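Bear in mind that the values here come from a model prediction, so they are computed numbers and not experimental data. Residue numbering restarts at 1 for every chain, and letters A, B, ... go by the order of the sequence lines. These values consider heavy atoms only, across backbone and side chains, with no hydrogens, waters or symmetry-generated copies.
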Amino acid sequence: MTDLSVNIAGVKLKNPIITASGTFGNGREISEYYDLSQLGAVCVKAITLKPRQGNPPPRIAETPSGILNSVGLQNGGIDYFLKYELPNLKRYDTKVIANISGSTVEENCELARRLGRDVDLIELNISCPNVKQGGVSFGTDPKIAAEITARVKESCAVPLIVKLSPNVTDITEIAKAAENAGADALSLINTLLGMKIDVNTRRPVLANNTGGLSGPAVKPVAVRMVWQVFLCTRLPIIGMGGIMTGEDAAEFMIAGASAVAVGTANLVTPTAALNVKNELVGYLEKRGIKNVSELIGSVLAY
Amino acid sequence: MTDLSVNIAGVKLKNPIITASGTFGNGREISEYYDLSQLGAVCVKAITLKPRQGNPPPRIAETPSGILNSVGLQNGGIDYFLKYELPNLKRYDTKVIANISGSTVEENCELARRLGRDVDLIELNISCPNVKQGGVSFGTDPKIAAEITARVKESCAVPLIVKLSPNVTDITEIAKAAENAGADALSLINTLLGMKIDVNTRRPVLANNTGGLSGPAVKPVAVRMVWQVFLCTRLPIIGMGGIMTGEDAAEFMIAGASAVAVGTANLVTPTAALNVKNELVGYLEKRGIKNVSELIGSVLAY
Amino acid sequence: MKKPHICEILDKQELTENTFDMVVSFPQSALPGQFIHVLCGEGVLLRRPMSICDAGRGWLRFIFDVRGEGTKRLAQHKIGDSLDILGPLGTGFNIEKKGEDTPIVLGGGIGIFPLLMLAKSLGKNTEAILGFRTKSLIIMEDEFNEACAHTHITTDDGSYGICGLVTDCLTNRISKGDVSSVYACGPMPMMKAVKKITEASGIYCELSLEQRMGCGIGACAVCVCKSNGEYLKVCQNGPVFDAREVDFDD
Amino acid sequence: MKKPHICEILDKQELTENTFDMVVSFPQSALPGQFIHVLCGEGVLLRRPMSICDAGRGWLRFIFDVRGEGTKRLAQHKIGDSLDILGPLGTGFNIEKKGEDTPIVLGGGIGIFPLLMLAKSLGKNTEAILGFRTKSLIIMEDEFNEACAHTHITTDDGSYGICGLVTDCLTNRISKGDVSSVYACGPMPMMKAVKKITEASGIYCELSLEQRMGCGIGACAVCVCKSNGEYLKVCQNGPVFDAREVDFDD
Ligand SMILES: Cc1cc2nc3c(=O)[nH]c(=O)nc-3n(C[C@H](O)[C@H](O)[C@H](O)COP(=O)(O)OP(=O)(O)OC[C@H]3O[C@@H](n4cnc5c(N)ncnc54)[C@H](O)[C@@H]3O)c2cc1C
Ligand SMILES: Cc1cc2nc3c(=O)[nH]c(=O)nc-3n(C[C@H](O)[C@H](O)[C@H](O)COP(=O)(O)OP(=O)(O)OC[C@H]3O[C@@H](n4cnc5c(N)ncnc54)[C@H](O)[C@@H]3O)c2cc1C
Ligand SMILES: Cc1cc2nc3c(=O)[nH]c(=O)nc-3n(C[C@H](O)[C@H](O)[C@H](O)COP(=O)(O)O)c2cc1C
Ligand SMILES: Cc1cc2nc3c(=O)[nH]c(=O)nc-3n(C[C@H](O)[C@H](O)[C@H](O)COP(=O)(O)O)c2cc1C
Ligand code: FES
Ligand code: FES
C-alpha cells in the first residue's frame with residue numbers, strides 16, 4: 001500500500017489533496033458527490049467577521065484554459081460559519097482549514113482568535129485580488145506581509161498558513177518575510193489579476209472590471225513559484241494553480257509542494273478533487289513509489 | 001474604406017498589426033508566406049552587440065493554451081543585423097522596429113547609437129526573463145527602469161518604445177517611471193516567468209529550468225495591464241500577449257492599445273499576423289467602424 | 001451519491017441556422033425549470049447551463065442557440081457521441097401555485113426552451129405567449145399548441161402572429177381576466193417588465209433567471225442575482241424565483 | 001508564396017497499439033528527410049513535427065507514435081477529416097553523397113519512419129538496419145525488404161532477428177566491407193554512437209536530429225542543436241546534418 005500521508009506544520013493529512021478556498025463553498029454541495037473523508041483536508045470559503053455580499057455579477061468569465069472570477073469574498077461571516085458550517089464539516093474524517101480574509105490586521109486577528117482550536121489550520125488570505133480593502137494589498141509588500149503574519153500568528157492557536165499572491169515581482173521576498181514573521185506553512189498561488197472585454201459591447205465581462213485568473217492557464221506560473229519558494233524557505237508548501245489531474249498534482253509536489261489544492265477543477269466537475277487523488281495514487285503505483293512524500297521537491301533541475 | 005492607420009509616437013503605421021520580437025526572426029522565413037508590406041510594422045528578434053548563443057535546448061514547452069520559451073536572445077549581433085538583415089527588411093513597405101536587449105545600460109546605449117536612423121523605432125527590452133544579466137532585472141524596479149530609459153533615450157535618434165515585463169507587482173509604477181524618463185511609447189507584455197516539469201523524468205522540460213510564458217493563456221493578464229497602463233500614462237501602447245485573432249486584437253485596442261503585436265501565433269501559423277489583420281478589418285467592417293483608432297481605449301468600464 | 005452522467009446523444013436536429021435540439025439518454029427524472037450543466041468538449045473549460053426542455057423515462061431534451069465558443073463546440077457533437085452532463089440541477093417552477101384559472105407561460109428567445117415541459121405539467125388550460133424576432137426564427141409552435149389551450153406568438157417585426165412584445169401581449173391577456181399565474185423566462189428587460197405587470201395586477205409570477213455560472217451546484221458563488229437585497233445563487237436558490245423576491249434595480 | 005495546406009486524410013491504419021500510419025492528400029512534392037508540421041486539433045496549440053515517410057504525386061504518408069497530448073489528439077482524426085499541415089520543411093538527406101558501394105539506412109524506434117522514402121531514393125543496393133524493442137512492435141519490415149537489398153532487424157530482447165542494438169549490427173556490417181555511407185535517425189544515444197562508429201571507419205554519415213519545435217520554419221530559434229560549437233536550427237539547417245558537424249557533448 002502506498003503511504004499517502006503528508007505533514008503540514010505538524011498536522012498530518014491522510015493524503016496531500018485539499019480543496020482550494022472559494023471553489024468548494026463549505027462542502028455541503030460537493031459532499032453530495034463523494035465522501036469528504038477521502039480528502040486530506042478541506043479548505044473552506046473565505047471567512048470575514050461580518051457577512052459579506054461580494055461583488056455584483058457577472059462574476060465569472062472563461063478565458064483560454066482559465067477562468068476569471070470576481071466573487072469578492074461573499075460569505076455568511078464567522079458566526080454563521082462556526083454555528084452552521086463547521087459542525088457539518090466536523091462530521092467528516094478530514095482536516096479543516098479555515099481561510100480568513102479580514103479587511104484589516106485586527107479583523108484577521110479577531111477571526112483567528114474566534115476560530116481558536118476549532119479548526120485544524122488557519123489560512124491567512126493576503127492575496128485576494130477582488131476586494132478594495134485588505135486582500136492582495138497585504139500580500140504584495142514584504143514588510144506588510146511580515147507584519148500581518150506576525151500579528152495574526154499571535155492570535156492563532158493552530159498552525160498558520162499564509163496564502164501568497166502571484167501578483168508580485170519577487171515571490172521569494174514575500175515568502176521569506178512570512179517565514180521570518182512566524183508562518184508555519186505557505187500556500188500558493190492565489191489568482192493572477194486579469195481582465196476580459198466583450199468586443200461586441202466593449203464592456204468588461206466582469207462587472208468588477210477585473211478578476212482573478214485561475215485554472216490550467218496559470219499552472220506554469222504556479223509551478224515556477226512553488227519551486228522558487230521551495231528553494232528559499234524551509235516551510236511546507238501547499239501548491240495550487242490549475243491542478244486538474246493526478247499528474248498535475250505530482251508536478252507541484254515534485255516542484256516542492258508538500259500538499260496540493262484543487263480549485264477551478266471543482267467548478268468543472270464536483271468530483272475533481274477526488275479524481276485527482278485517485279489519479280495521483282495511480283501515478284505512484286505505476287512507478288512503484290511507496291511514499292508520496294518522496295515526490296516533494298524531487299525535481300532534477302538543470 | 002476603413003482607415004486602419006495608427007500613430008505610434010509620430011510614426012504612422014498603415015495598420016496596427018506588428019510582429020512581436022523573437023517570434024518572427026528577421027522576417028526572412030515568414031516573408032515566404034506573405035508580403036510583409038501588408039503589416040503595420042515588423043519588430044525583429046532581440047539584438048545584442050556581440051552575437052549571442054542563447055540557452056541550451058530544449059527551449060520550448062507547450063502548456064495549457066500557452067508556451068514556455070527559453071531562447072535567451074540568440075542572435076547574430078548588431079553588425080550582422082545592420083549588414084544582412086536590415087537591408088532585406090528595407091525592401092518592404094513597412095516600418096521596422098529594432099528590439100535591443102543589451103546586458104548593460106551602456107550596451108543598450110551603444111546599440112541605439114549604432115542603429116541611428118536606420119530603423120523607424122527602437123524597442124528597449126527590459127523584460128526578458130531568460131537571461132542572467134540585464135533583461136527583466138531592468139524592468140522590475142521603477143528606478144532602474146527610469147534610469148535605463150533616460151540613458152538610452154539620449155542615444156536614440158528615433159522614438160523609443162520601452163517593453164515592459166508583466167512579472168511585477170504594479171505595472172503602472174514601471175510604466176509611469178518609463179514615461180517620466182522620456183519613453184515615447186510602451187509595449188507590453190513580455191512573457192511571464194513559468195516552469196514545467198516532466199512527471200516521468202522529474203526534469204524541467206526546459207534545459208534552462210524556467211522560461212517565459214506566452215500565448216492565449218496570458219491574454220487576460222495582458223489585457224488587464226494594457227488597461228491599467230492606458231489609465232495612468234499618456235503614451236501610445238503596443239499591446240500583446242496571446243493575440244490569435246482579429247477579435248483579440250480588437251480587445252487589446254479597446255483596452256487601450258494603439259497597436260498590437262502578434263507573437264506566439266506566428267509559431268503556430270506563419271501567416272498569423274496577416275490573418276489577424278484581415279480579421280480585424282472584418283470586425284471593423286461588420287460594425288461599420290470607419291477608423292480603427294476609434295477602438296483605442298474605448299472600453300466601457302463599470 | 002450524485003455524479004456527472006455520461007449521456008449518449010440520441011437525436012440532434014438543427015431547428016434554425018443557429019439553434020440545435022438535442023435528446024440525450026439520461027438516467028434521472030427532472031422537474032420543469034431545472035437545468036443541466038454540460039461539458040461542451042475539448043478547449044472549453046467550464047460547463048454551460050442548459051434548461052431542460054422536456055424529459056421522460058431515460059431521456060432528456062434541451063435546445064440551444066450557438067452564442068460563443070462553448071455552444072459552438074457543443075453543436076459539433078453528433079448523434080451517438082457522448083456528453084458529460086451534470087444534473088438535473090436547481091430549483092424549478094412551483095407548479096403547485098398555478099391557481100385555478102389560466103396559468104400563462106411566457107418566453108422570449110432562448111427563454112422559451114424551459115417552458116414546454118412546464119406547460120405540459122401545468123395542464124391543458126395553460127396558455128403560452130412566445131416571442132420571436134421574426135417569422136423564420138419561430139420554433140416549437142406545434143408543440144406548444146399541443147400542450148396549451150392557446151399559444152400566442154409575437155414577432156418583433158410583425159412577420160407572423162402579433163406584432164410587438166410578449167409583455168404587451170401579456171398585459172392584453174391579463175386584462176381579459178382569469179389569468180391565475182405567470183411563469184416567465186427571457187432576457188432581463190423582459191423579466192423586469194413581467195414582474196411589474198404581474199405585481200400591478202396581483203398575479204402570482206415566477207421568473208427563471210440567467211447568470212453566468214461556474215460550478216452550477218452552489219459551491220462557488222459566482223452566479224448570483226439580487227433577491228431582497230441579498231445575493232442568492234441562481235444555480236441553487238433558482239434559476240426559478242418568485243418574482244416578488246427578485247430585485248432588478250442595480 | 002508558401003502556405004499551410006488543408007489536407008484530407010485518405011487513409012489511416014493502426015500499425016501497433018500506439019502507432020498510426022496516415023496518408024493525406026498533399027499538393028507539393030517532398031524530399032527524403034524533410035518533415036511536415038501538423039496542427040493536431042482543438043486544445044493543442046503548437047504544431048507537431050512528423051517525418052515524411054513516403055510521398056508521391058498528390059499524397060504524403062507519415063507514421064507516428066502516440067506520446068503526449070498532441071499525438072493523442074492527432075490520432076483521433078478519422079479518414080475524411082482535414083489536417084492543417086505546413087511543409088515540406090527542412091533540409092533532407094543528401095542522396096548525392098551515397099557513394100558507389102552500399103548505403104545503409106539505420107533507425108531505431110520512431111527513427112525508422114523517415115528512412116523508407118530515403119531507401120527508395122538511394123536505390124536497390126541499399127541495406128536497412130532497423131531496431132525495435134520487441135517482436136510485437138516490428139512494423140514496415142516488408143516495405144523495407146522491398147526497397148532494400150537486405151533488411152537487418154534487431155530487437156532489444158532478441159524476440160526476433162538479431163538480439164541487441166542497431167549500432168552493434170552497424171559495426172558488424174561495416175566490418176564486412178563495402179559500406180559507403182550511413183543515414184541514421186533515432187534517439188540521441190544511438191546517434192552519438194553512430195557518429196563515433198562512422199567517424200572511426202571514415203564513412204560518410206548523415207544524422208536526422210530531433211528537437212522540440214515551435215514554428216518549424218526557422219523563425220523562432222527554439223529548435224537548436226549544437227554544430228561546430230554553434231546553435232543551428234534543426235527545422236531549417238536540418239533536421240538532417242552531416243554527422244561530422246554535430247556536437248554531442250553538452
Ligand atoms: C439556468 C440557465 C439555463 C439556460 N438555458 C439555456 C437553454 O436552454 N438554451 C440556450 O441556448 N441557452 C441557455 N442558457 C444560456 C447558455 O448557458 C449560454 O448561452 C451559454 O452558456 C453561452 O456559452 P458560449 O460559450 O457559447 O458563449 P460565451 O462565449 O460564454 O458567451 C457568448 C455570449 O453569450 C451570452 N451568455 C453567456 N453566458 C450566458 C448566460 N449564462 N446566460 C445568458 N447569456 C449568456 C453573453 O451575451 C455572451 O456574450 C441558459 C443559461 C442559464 C444560466
Ligand atoms: C523533425 C522531427 C521529425 C519527427 N518525426 C516523427 C515521426 O515521423 N513520427 C513520430 O512518431 N514522431 C516524430 N517526431 C517526434 C514527434 O514530433 C513528437 O513525438 C511529438 O511532437 C510529441 O508530441 P506530443 O504532444 O504527443 O507529446 P508531448 O506531450 O509534447 O511530449 C511527450 C513526450 O514526447 C517526447 N517528445 C516531445 N517532443 C519531441 C520531439 N520534438 N522530439 C522527440 N521527442 C519528443 C518527449 O519525451 C515528451 O516527454 C519528430 C520530431 C522531429 C523534431
Ligand atoms: C471562484 C473562486 C473563488 C475563490 N475564492 C477564494 C477565497 O475566498 N479565498 C482564497 O484564498 N482564494 C480564493 N480563490 C483562489 C483559489 O483558492 C486558488 O488559490 C486559485 O483559484 C488557484 O487555484 P486553481 O487554479 O486550482 O483554481 C478563489 C478561486 C476561484 C476560482
Ligand atoms: C519564442 C519567443 C521568443 C521571444 N523573444 C523575444 C525577444 O527576443 N525580445 C523580446 O522583447 N520579446 C521576446 N519574446 C516575447 C514576445 O515578443 C511577446 O512579448 C510575448 O511572447 C507575448 O506575446 P504572445 O503571447 O503573442 O507571444 C519572445 C517570445 C517567444 C514566444
Ligand atoms: S455556479 Fe457555482 S454557485 Fe452557482
Ligand atoms: S522551430 Fe522555430 S526555428 Fe526551428
| task | Would you mind telling me which of A/Ala207, A/Ala61, A/Gly66 has the largest number of heavy-atom pairs within less than 4.5 Å of chain B? | result | A/Ala207
| request: Give the member of B/Val299, B/Asp170, B/Val226, B/Leu193 that has the highest number of heavy-atom pairs under 4.5 Å with chain A. | output: B/Leu193
| request: Determine, stepwise, if the pair B/Arg224 / A/Asn209 fulfils side chain to side chain donor-acceptor pair (under 3.5 Å). | output: CA-CA 9 Å; B/Arg224 180 263 295 183; A/Asn209 294 323; over 6 Å; no
| task | Determine whether B/Lys196 and A/Glu251 make a side-chain contact, defined as any pair of heavy atoms from C-beta on separated by less than 4.5 Å. | result | yes
| Nearest heavy atoms of A/Leu213 and B/Ala217, plus distance in Å | CD2-O, 3.9 Å
| query | What part of B/Leu206 is in contact with chain A, defined as an atom under 4.5 angstrom from a non-hydrogen atom: side chain, backbone, both or neither? | reply | backbone
| note | Of the listed A/Asn200, A/Asp141, A/Val218, the one with the largest count of heavy-atom pairs under 4.5 Å with chain B is A/Asn200
| message | As an exercise: rank A/Asn167, A/Asp248, A/Thr63 by heavy-atom pairs under 4.5 Å with chain B and give me the winner. | response | A/Asn167
| task | Mind ranking A/Ala250, A/Ala222, A/Ala301 by heavy-atom pairs under 4.5 Å with chain B and telling me who comes out on top? | result | A/Ala301
| note | Heavy-atom closest pair (A/Thr169 atom, B/Thr140 atom, distance to 0.1 Å) is CG2-CB, 3.4 Å
| query | How many angstroms lie between CD1 in B/Ile254 and CZ in A/Arg203, if you round to the nearest 0.5 Å? | reply | 12.5 Å
| query | For B/Tyr283, is it the side chain, the backbone, both or neither that has a heavy atom under 4.5 Å from a heavy atom of chain A? | reply | side chain
| said: Report which part of B/Thr210 has an atom under 4.5 Å of a heavy atom belonging to chain A: side chain, backbone, both, or neither. | reply: side chain
| field | Among B/Thr201, B/Val223, B/Ile197, residue most engaged with chain A (heavy-atom pairs, under 4.5 Å) | value | B/Ile197
| field | Check: B/Leu295 and A/Arg202 side chains under 4.5 Å, non-hydrogen atoms | value | yes
